[in-house]
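Quick notes on the structure that follows.
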Amino acid sequence: MAAPVVSCRKYLVQFAHEHLDFRIPELLAVADIFGTTVTIPEAYDKENPYLVVDLPSDEIVKKIASRTILVKSFYQLWAQGHSYDELFHQLRELPHALMAPYLNKNNTFRVIHDSFNKQLVHREKVALIEKLIGESGIEFPGNISLKSPDYSFHLLEYYKRDIPTSSPELPDRVYFGRWITDGHRDVIKQFDLKNRKVIGNTSMDAALALIMANMGHVTTNKIVYDPFVGTGSLLVASAHYGSYVMGTEIDWKLLHGRGRSSRAKQKWRTRDENIHNNLCQYHLGDLYLDVMVADASRHMMWHQIEMFDAIITDPPYGIREPTKKVGTKKEDVEIPEELKSGHIPSKVTYDLSQILLDLLNFAAKFLVLGGRLVYWLPVYREDYVEDNIPLHPCLKLIGNSEQILKSTVSRRLITMKKVQDYEEKLHLAELPNNHYKDASFREKYFRPHEKGPRNSKPSRFKNNYVKAVEAHVRSHDVTCEDANEHRSDVQERRESSSNSCYKDMAYGGWSPGKA
Amino acid sequence: MKLITHNMLSSNIIKGVKNGYPLGIQATDVQVNEVDFNPDFVARIIPKLQWPILCQAAESIGHLGDLPKELISDFESNEEFLKKAHHILMEIEVKEGNLVCPETGRKFPISNGILNMLLNEDEV
């Protein structure tokens with residue numbers, strides 16, 4: 001009788017150390033795309049980039065890795081422990097059947113050591129690998145090939161840092177496993193905004209745009225729509241995963257390649273700066289459906305409901321892009337017939353909370369059942385509570401990850417799934433607690449920081465800088481908003497320079513390898 | 001603007017307009033661009049569209065060809081049919097012209113292939 005088939009195997013995920021809050025939601029979303037569930041242990045430590053999970057097979061692991069932006073590598077886990085003794089003990093107990101396929105003399109191999117939170121010199125690494133080979137009882141019969149081995153084995157260490165500047169003597173965790181595949185991170189460089197044909201003031205960073213597409217379950221032959229399309233950076237990421245894309249934008253000039261460019265050293269946009277060309281740059285032009293100049297608050301322009309598989313968007317926050325919709329404060333305006341052609345409609349402020357409620361109502365109506373809405377919710381961190389997330393009876397909240405923009409402000413990536421059919425007038429979005437009730441996000445964003453910098457008193461240079469800016473504000477007739485902008489600029493500089501002072505101080509006394 | 005997009009849009013955003021579907025097409029420049037044929041996508045999208053409206057729109061700009069005006073029952077497996085549908089949906093592009101509201105005659109201009117659905121402030 002054949003040996004029983006192992007239905008689940010232990011795998012080790014090595015995350016990249018960025019966007020920590022997004023790593024698990026992305027992994028879960030991508031696993032879900034391939035019909036697998038991943039159970040995250042309750043004791044999951046965000047700071048540890050290694051995570052042990054159960055997955056059905058190497059094939060599924062490779063599929064998941066083909067999409068994940070925040071996973072560096074996947075390994076088949078052979079052993080783990082809080083100490084090397086524990087690790088070696090587990091390795092000695094390991095069933096031979098698990099190792100045998102990868103340990104035979106016709107295959108070349110290598111053993112790599114990697115550590116997180118501590119830099120080991122080459123000599124130390126070699127000593128650890130030799131110790132592993134000596135004490136674990138594993139015999140590697142094949143030849144060593146450091147460049148292109150058939151199998152690559154990794155000894156991975158995680159050092160837990162209680163003090164941010166120094167690493168402990170011994171690792172908190174050690175892992176040993178066989179490398180299976182790397183994640184999809186090389187694509188981040190390919191989509192780097194530096195080389196993008198068209199960018200705007202708020203084009204989405206390539207990695208985050210790809211993560212959003214993963215959160216939105218974007219796959220081949222779907223339709224993805226972005227109601228605040230801008231320069232189409234979210235459409236580019238969605239098209240990369242095979243979806244057909246569509247978008248609307250209220251700014252006529254942006255879609256037609258007119259007006260001032262957002263690039264340094266380029267004054268005006270050129271006429272060929274449009275979203276279609278942005279997609280063509282990556283050979284994704286065939287997935288372009290259309291973009292239109294339209295007002296996202298006007299849902300009635302869409303005739304067909306349940307058209308979109310995902311709505312992935314970055315609404316304007318009112319900081320670098322204004323929150324506007326067509327309208328006027330005047331009563332009974334009438335535009336004379338002769339001026340109608342080419343008239344640019346006047347716009348009024350479109351409250352961010354209203355934008356979000358409209359977005360949810362739109363998503364509930366126009367998403368297919370099971371479709372996903374992915375968007376950013378900008379928040380003032382001190383005031384944020386979970387009730388600030390708008391709700392809709394047809395949409396289920398399944399993801400909420402924070403990206404910190406500065407110490408006081410962050411934005412949260414909200415993912416919702418349509419779980420119920422929409423009924424007109426019966427189902428409306430609601431906001432349990434409006435985050436922007438007392439002050440708009442813009443006002444909160446530019447509000448002077450009451451507490452002042454955390455570390456030390458500002459240096460003489462920084463004081464002079466603050467004085468110079470304040471003098472500038474007084475001497476020039478700048479608006480209140482500009483002054484606030486200056487103030488927050490000063491604040492940011494204060495913080496970043498105090499941080500760098502901190503780093504310098506930590507570094508000043510001791511520098512590794514140069515003693 | 002592609003005909004797949006035209007099929008999804010209405011002018012019901014205009015004050016007082018109840019039945020703004022389908023929009024009329026006035027095209028002054030129509031281009032045919034080659035787009036990769038993807039039978040799975042076309043087969044998936046056809047049930048979501050108003051087929052008679054699509055044929056009507058294609059006919060109004062002189063590009064219907066020999067596409068049957070009635071949706072055939074086995075369209076999902078009929079590659080020849082899907083190819084024709086793909087051509088109408090994805091490859092025909094109105095570069096310059098207008099979409100016209102059937103009730104009020106309000107024109108929504110298309111320039112450089114990009115439709116402008118913005119209303120003026122006196123229409124909202």
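Just so it is clear: chains get the letters A, B, ... in the order the sequence lines come, proteins before strands, and each one is counted from 1.
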Winner by heavy-atom pair count (cut-off under 4.5 Å) against chain B, out of A:D286, A:I250, A:V333, A:I275: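 It is A:D286.
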
Most chain B-contacting option - heavy-atom pairs closer than 4.5 Å, from A:L287, A:V293, A:N274: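 So the answer, after comparing A:L287, A:V293, A:N274, is A:V293.
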
Within-4.5 Å side-chain heavy-atom neighbours: B:L118 and A:W252: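 With C-beta onward as the side chain, the pair stays apart.
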
Heavy-atom side-chain proximity of B:K107 to A:K340 below 4.5 angstrom: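 Heavy-atom side-chain distance check fails, nothing below 4.5 Å.
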
Option that, when pairs with chain A are counted at under 4.5 Å, heavy atom only, ranks first among [options]:
{"options": "B:G113, B:P22, B:S111", "answer": "B:S111"}
{"options": "B:I4, B:L23, B:N38", "answer": "B:N38"}
{"options": "B:K48, B:E123, B:E93", "answer": "B:K48"}

A:Y288 portion near chain B, given a 4.5 angstrom heavy-atom threshold: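 Both parts, backbone and side chain.
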
Contact class of A:V368 relative to chain B, heavy atoms under 4.5 angstrom: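 For A:V368, the side chain is the part near chain B, not the backbone.
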
Could you tell me which non-hydrogen atom of [X] sits nearest to which non-hydrogen atom of [Y], and how far apart they are?
{"X": "A:N221", "Y": "B:F41", "answer": "O-CD1, 3.5 Å"}
{"X": "B:N112", "Y": "A:H256", "answer": "CB-CD2, 4.4 Å"}
{"X": "A:M292", "Y": "B:I114", "answer": "CA-CG2, 4.2 Å"}
{"X": "B:R44", "Y": "A:D309", "answer": "NH2-OD1, 2.6 Å"}

Side chain B:T5, main chain A:L289, donor-acceptor under 3.5 Å: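 Pair absent, no side-chain N/O of B:T5 close to backbone of A:L289.
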
Side chain to side chain contact (heavy atoms under 4.5 Å, CB included) between A:H303 and B:M8, intermediate numbers included: CA-CA 5 Å; A:H303 176 73; B:M8 300 181 192; 5.8 Å; no

Lys/Arg-Asp/Glu bridge criterion (N-O < 4.0 Å) met for A:K330, B:D122: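 No.
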
Residue part contacting chain A, namely of B:N33, when any heavy atom lies under 4.5 Å: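 Neither part.
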
Per-residue contact mode, B:E34 against chain A (heavy atom under 4.5 angstrom):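 Just the backbone, heavy atoms under 4.5 Å.
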
